[in-house]
J.: 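Got a structure here, written out as structure tokens. Questions coming.
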Amino acid sequence: MSQPATLDEVLFAFHQAVDIPGPGDVALWTKQYPQFADEIRAHAVEIIDMEALASAEPSSGETTVAKPAAATDNRTLREIARAKGTTLADFAEDIGLSSAIVADVNTGRIRPETVTQKFKRLTADYFKMTIDEIASIIAGQKEQPALAMLKSKSGYVQGEPVTWEEAVLASDMDEEDKTLWLPNED
Amino acid sequence: MDAQKLDSRRPEEIAGAIREMDDGRDVRLRGKLLDYLRERAERYLTPRVDKNLPDQGRGAVEATIDRMVDALLIEGAADGPGYEANFLKKLRQRLVDQVRKLRIEQDRLDQPAVDPETGEVPEPSHPSDELTPEEAAIAAGFLTTLSERHRKALSLYRAGYRCSDAEGGETIASMMSVSVRTAEQWMRDIRKAVAKHLDLKP
């Protein structure tokens, strides 16, 4: 891709390069494009403001900024699926996501605060629930994986939780599907 | 058209498909895909627009979406490739353009970096003028009730900017084209708002 040249091209490149520009990002870009420094700063201020506003909004849209953990709900995703007459495996297949990742969300192996808004939205639509309800259920996942319980006589020894991104990258999905499910798609 | 299945596709793919469609044969399908992208754009843009703008910012959101639709439908439109490259970031860039236009129309004035009365560059801020992390976190809880300049100053602070920087880096003052003194005053205003929120004396 050629270097951006016009103001519009530089600003678009800036938006793509950073989600929330820190002081170092702005310093880098204004140094590289001093002729557009004022515009870059102005866009940076608006970007930071917009992402802060999006984080402050109730969970109703697509956001790129992680939100504080939701209040917990003691139901599990598996129980929700069963109540709706389906299974987590079928749900995973229907939304085009690795069933292992859905299972890891169910057990809490994936850190709840890193689960993407896209997954919560699709899950809410699928089970005809609100995004907030799904967020609460994900935040409260405590189901222990059966295999881990068999392995440990003293109870499930939980390994280090992973982030959603780590789980997607380590999954057996093909590269295109991984790209669809990585964070910042929304 | 199944919106759930479209949710699993990247919006860039859908934008590209719309741009490639034949006017005559695919008009119905193209309309459905456009409706989907309109809704997705609205979901992304609405939480990001300042509700203190005229009409709660709806005009800015609608203008941004209208511009997106034109970019996808008009052959050779300058923004078309941008929406195929990164749909949401292109939307964000255009929303910033709309919001800035509205602010200019509202005739907001900024103070110069140099004090116009004395011609002096204000001294660097004292560390006690800055918010503590706890104060910033508390203030973030009522972010949307702050004025635009206080809200932006707080958001910049939480993103790592400070009132001034002895090494000449980017600061709240430089980013908002105001004096260091003004940025410090905003921090003090926010501190007072935090104290009031907690029902404590400043």
Side-chain angles (χ1 to χ4, degrees), chain A residues 1 6 8-9 11-28 30 37-64 68 94-97 117-118 121-122 125-126 176-177 179-181 184-186, chain B residues 3-5 7-11 13 40-51 57 78-79 81-82 85-86 88-97 99-100 103 140-145 148 151-162 165 168-172 174-177:
Chain A
M1 194 172 82
T6 67
D8 203 60
E9 288 170 341
L11 289 176
F12 184 40
F14 180 63
H15 275 262
Q16 292 182 87
V18 290
D19 281 334
I20 301 179
D25 297 315
V26 174
L28 193 70
T30 54
D38 286 345
E39 289 292 312
I40 290 169
R41 286 192 194 96
H43 269 250
V45 169
E46 294 297 339
I47 289 170
I48 290 165
D49 189 38
M50 283 179 183
E51 296 305 333
L53 287 169
S55 289
E57 280 268 324
S59 183
S60 58
E62 306 182 12
T63 69
T64 58
D94 284 346
I95 66 169
L97 178 62
Q117 197 69 6
K118 176 178 175 175
R121 187 180 70 249
L122 287 176
D125 289 345
Y126 190 91
E176 188 180 344
D177 285 341
T179 305
L180 286 176
W181 285 105
N184 297 325
E185 268 300 299
D186 290 341
Chain B
Q4 188 170 302
K5 288 209 159 42
D7 268 352
S8 67
R9 311 305 297 183
R10 295 175 64 231
E13 289 181 81
R40 190 143 179 191
E42 190 170 348
R43 273 207 307 270
Y44 177 77
L45 294 170
T46 300
R48 285 169 171 76
V49 79
D50 181 1
K51 303 304 185 290
D79 276 2
N86 195 317
L88 295 179
K89 293 296 173 67
K90 194 66 184 174
L91 276 177
R92 188 172 75 174
Q93 180 193 1
R94 290 300 176 232
L95 181 65
V96 169
D97 290 339
V99 167
R100 291 186 68 210
R103 297 210 197 282
F142 51 89
L143 182 82
T144 55
T145 67
E148 179 210 337
R151 186 186 72 233
K152 283 181 172 174
L154 175 63
S155 298
L156 282 165
Y157 178 88
R158 297 185 76 218
Y161 300 79
R162 294 297 176 262
D165 184 339
E170 296 293 344
T171 63
I172 296 172
S174 67
M175 294 290 284
M176 295 190 67
S177 300

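Per chain, numbering begins at 1; letters A, B, ... match sequence-line order. Computed from a predicted model, the values in this text were never measured in an experiment.
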J.: Taking every heavy-atom pair that is under 4.5 Å apart, which of Ile40(A), Leu11(A), Asp177(A), Val45(A) has the most such pairs with chain B?
T.: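 The residue among Ile40(A), Leu11(A), Asp177(A), Val45(A) with the greatest pair count is Val45(A).
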J.: Side chain, backbone, both or neither: which part of Asp38(A) has a non-hydrogen atom closer than 4.5 Å to chain B?
T.: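 Interface part for Asp38(A): neither.
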J.: List in chain and number order the residues that pass ring-ring contact (aromatic ring centres under 6.0 Å, His included) with Phe12(A), two or more places apart in sequence or in another chain; answer none if no residue qualifies.
T.: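 Checked Phe12(A) against ring-ring contact (aromatic ring centres under 6.0 Å, His included); zero matches.
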J.: Does any heavy atom of chain A fall under 4.5 Å from the side chain of Asp50(B), the backbone, both, or neither of them?
T.: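 Both backbone and side chain.
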J.: Name all residues meeting the side-chain contact (heavy atoms from CB on, under 4.5 Å) criterion together with Arg162(B); count only those two or more places apart in sequence or in a different chain, and write none if there are none.
T.: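 Here the qualifying residues are Glu130(B), Tyr157(B).
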J.: Given heavy-atom pairs under 4.5 angstrom as the criterion, report whether the side chain, backbone, both or neither of Val96(B) touches chain A.
T.: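 Both parts, backbone and side chain.
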J.: What part of Leu143(B) is in contact with chain A, defined as an atom under 4.5 angstrom from a non-hydrogen atom: side chain, backbone, both or neither?
T.: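 The side chain, not the backbone.
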J.: Top residue by heavy-atom pair count (under 4.5 Å) with chain A, among Gln93(B), Arg100(B), Met175(B)?
T.: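 Highest number of heavy-atom pairs under 4.5 Å: Gln93(B).
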J.: Is there a side chain to side chain contact (heavy atoms under 4.5 Å, CB included) between Val49(B) and Leu95(B)? Walk through the geometry before answering.
T.: CA-CA 8 Å; Val49(B) 79; Leu95(B) 181 65; 4.3 Å; yes
J.: So, for Arg41(A) and Ser174(B), which heavy atoms are closest and what is the spacing to 0.1 Å?
T.: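 Heavy atoms of Arg41(A) and Ser174(B) come nearest at CD-O, 3.7 Å.
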J.: Do Arg10(B) and Leu180(A) come close enough that some side-chain heavy atom pair is under 4.5 Å?
T.: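 Yes - at least one pair of side-chain heavy atoms lies under 4.5 Å apart.
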